[in-house]
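See structure below.
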There are 2 protein chains.
Amino acid sequence: MNRHDPNFSPKIIDVARAAGVSTATVSRAITNPAMVTEATRAAVMAAIAETGYIVNHAARNLRRQQTGGIVVLVPNLSNPFFSQILSGVAAVMSEAGFNVLVADTQQPKGADLQIAQYLHNNRADGLIVLDGAIPESLFADYRRTRSRPPVVFACEWVEGFGEPSVTIDNAEGAVLAVNHLIELGHHKIGHVLGPLDNVLTIKRREGTIAALEGAGFPVDPDWFFEGDFSLASGVVAARAWLATSDRPTGVFCSSDAMACGFMAELHSHGVRVPEDVSVVGFDDIEIAQHFIPKLTTIHQPRTAIGEAAARMLLARLSGNSDDVDSVRLTVELVRRDSTGAPPIR
Amino acid sequence: MNRHDPNFSPKIIDVARAAGVSTATVSRAITNPAMVTEATRAAVMAAIAETGYIVNHAARNLRRQQTGGIVVLVPNLSNPFFSQILSGVAAVMSEAGFNVLVADTQQPKGADLQIAQYLHNNRADGLIVLDGAIPESLFADYRRTRSRPPVVFACEWVEGFGEPSVTIDNAEGAVLAVNHLIELGHHKIGHVLGPLDNVLTIKRREGTIAALEGAGFPVDPDWFFEGDFSLASGVVAARAWLATSDRPTGVFCSSDAMACGFMAELHSHGVRVPEDVSVVGFDDIEIAQHFIPKLTTIHQPRTAIGEAAARMLLARLSGNSDDVDSVRLTVELVRRDSTGAPPIR
DNA sequence: ATCGTGCCTGTAATCGATTACATACGCGTT
DNA sequence: AACGCGTATGTAATCGATTACAGGCACGAT
């Protein structure tokens, strides 16, 4: 195996020889150009081009005591909501030269063990966590060491965990949604929730109740339907709504997916949106503006969330800033066709 | 920094000492249990548990001349279609102990360079490529070396590339869709295509034309609308359809997203589906069964595609099988509410 | 002329696990 | 008793880049 062998992959020593310098100089020319002369740098760069050298990351990482990658902990990769955040993360991170690893936290097979590994040690230099439901127990070791990789939460977070996060104002979003219904004249307002122990569910419910009470409207437990953010659970909620004797005329769903499932099921029972009932979603996923009717919803900037989280992690990795603070991005109401005045009864 | 320092992370030598053996034996006990005595193995395992040892992957990878990871080249991460395939890949790969790296092939910033790196060298042990539109030039180096990482295509592929793939029978899917419309009595059948240079577009168009010609029906170029698989392009196609004087009564869209955009736009112009026009999609994404009307479409097993691709790559990585053959998974027609008899004119 | 200072470069140790090679031991054969 | 063979283990080289440390050189100050 020499330089004419098609399998030959040049090492730093080959570049050094070609440039007539030492390996140390080559290394410096690559990672810290200011340390070498203009002339040497040029010679090294030429030698690199000539030999077709590419650094061996395993060797670099071993020596530098890092991994060159960050991992994103995603609950349910196949959910488009998360994949768009992942997209933002990947854009920023791969530009910064980091590998982006993904791990699905809801994978049945030993996901916990895998997550523990990522949290604990040397598979990744940092993590971005999109899942607020990581079991406490997994963090036990984490808190104990000081050499733990930095964590940034995005979207969801773990209350009281003490690591920075990039989130939106979920309560505010709910307030916007409910106030919109109130302004349209609705008096009886319902809410389709996500999983009860989910942080987003909790905040959005708080906002919903606050807006309702602020306007002096009833908060009827019969009008709160539990879901899990999925399309299918929106369908289930619609059936519950149909089975309610005194139905709310406006319904705020805690995700667009649930709103779509909700509307789809109502439609197949002959209930019209917005004539019979108004529906507001949350997220503004792509389909929202193309659904029939076009869905009024709370827009969250998903790609921006991912990018912000990535930049925050980058800041923490570069070390000079342990003072990174949590960021809260703004949400806004997007009025479309799924909301209107309540039916005149 | 000793074993009582909270930053101390045990090395293989610490385990070796704790177990009273050499590092070589520890290594063997971990990776090749059959090579050591029952008793030694137990002692090593106990020592590992006691010390809390976790292997340093950078060191292992350096020595083994591998990276421990595979990369998935995804065109547009935020597309739910791809993220679900990614999900299947991740499930299989992380269970097999591989890191799963993702890279978006459509990222503006030097994506090409990044892809070239992945193809060329030591960032990944293998790749799964979901994008059939990777520029030929990037493969130039790849073909030249024999030490290249194995590649498996999934969904899309590069014609004549000579690496195995996991695909569906796209032409067959199109035939199923068109025949369904024909059976319902449609005579004038249109087709909304993806990007013209896309392999899926090409195969699906071939199937469409074959089915049409097989039934002795006209293939009218005015009834073929170019799109790009996105919702937005479905909207554009609908406008084109509306502007056509002699409109097809049945339209087969090459993706569900386009079908939804198509139907949404028709709806806002007062055209009813399926009364005025029947629409068939392709993919069977989650929203298809909840859209209004529920979308008749061609189902593809996305998670299964990802899993199959991952297993195929695993087989190639384990080396013993350079004889892995391409796999073609079956598609099927799912009849829902967006298709019906053509209008009586 | 001598010394100090700063800049650039080279030598060699280092990161931590794997594995080629060497050794030691036990046991059955001749 | 000597030998061969197989199994289990240890010793030390190795993967390839980074970087601590040690020169060496030029230039200005004394």
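Computed from a predicted structure; not experimentally measured. First the proteins, then the strands, lettered A, B, ... as listed; each starts at 1.
Residue Tyr53(B) places at least one side-chain N or O under 4.0 Å from the OP1 or OP2 atom of dA17(C). For Ser22(B) and dT11(D), the shortest distance from a side-chain N or O to OP1 or OP2 is not below 4.0 Å. Applying the 4.0 Å criterion to OP1 and OP2 of dT9(C), one finds that Thr37(A) has a side-chain N or O inside that range. At the phosphate of dG16(C), OP1 or OP2 sits under 4.0 Å from a side-chain N or O atom of Gln65(A).
Whole-Å rounding puts the Arg60(B) CZ to dC15(D) C1' distance at 15 Å. As a whole-Å value, the separation of Arg28(A) CZ from dG16(D) P is 21 Å. One interatomic measurement links the two molecules: CG of Asp14(A) to C1' of dG16(D), which rounds to 11 Å at whole-angstrom precision. Summarising the geometry, the separation between CG on Asn61(A) and C1' on dA17(C) is reported as 15 Å, rounded to the nearest angstrom. Rounded to an integer number of Å, the gap from CG of Asn32(B) to P of dT18(C) is 11 Å. Atoms CZ (Arg64(A)) and P (dG16(D)) sit 17 Å apart, rounded to a whole Å. Summarising the geometry, the separation between CD1 on Ile12(B) and C1' on dT9(D) is reported as 14 Å, rounded to the nearest angstrom. Atom-to-atom, CD1 of Ile30(B) to P of dG16(C) comes out at 15 Å; the value is rounded to the nearest Å.
For the residue pair Asp131(B)/Thr105(B), the side-chain donor-acceptor check at 3.5 Å is satisfied. Side chains of Thr67(A) and Asp125(A): a donor-acceptor N/O pair is present below 3.5 angstrom, by distance only.
Each of Thr23(B) and Ala58(A) was matched to the nucleotide of DNA chain D holding its nearest heavy atom; the match closer to the 5' end belongs to Thr23(B). Comparing Val21(B) and Ile13(A) along DNA chain D, the residue whose closest nucleotide (by nearest heavy atom) sits nearer the 5' end is Val21(B). Each of Ala59(A) and Ala34(A) lies near DNA chain C, and the nucleotide nearest Ala34(A) is the one positioned closer to the 5' end.
The base of dT14(C) sits with one of its N or O atoms less than 3.5 Å from a complementary donor or acceptor on the side chain of Arg63(A).
The side-chain heavy atoms of Leu119(B) and Val151(B), taken from C-beta on, include a pair separated by under 4.5 Å.
Residue Val26(A) is out of contact with every strand shown, counting any heavy-atom pair closer than 4.0 Å. Residue Ser27(B) is classed as a base contact, given a heavy-atom separation below 4.0 Å to a base.
Between Phe98(A) and Leu314(A) the shortest heavy-atom distance is CE1-CD1, 3.7 Å.
The closest donor-acceptor contact from the side chain of Ser78(B) to the backbone of Gln84(A) lies at 3.5 Å or more, if one exists at all.
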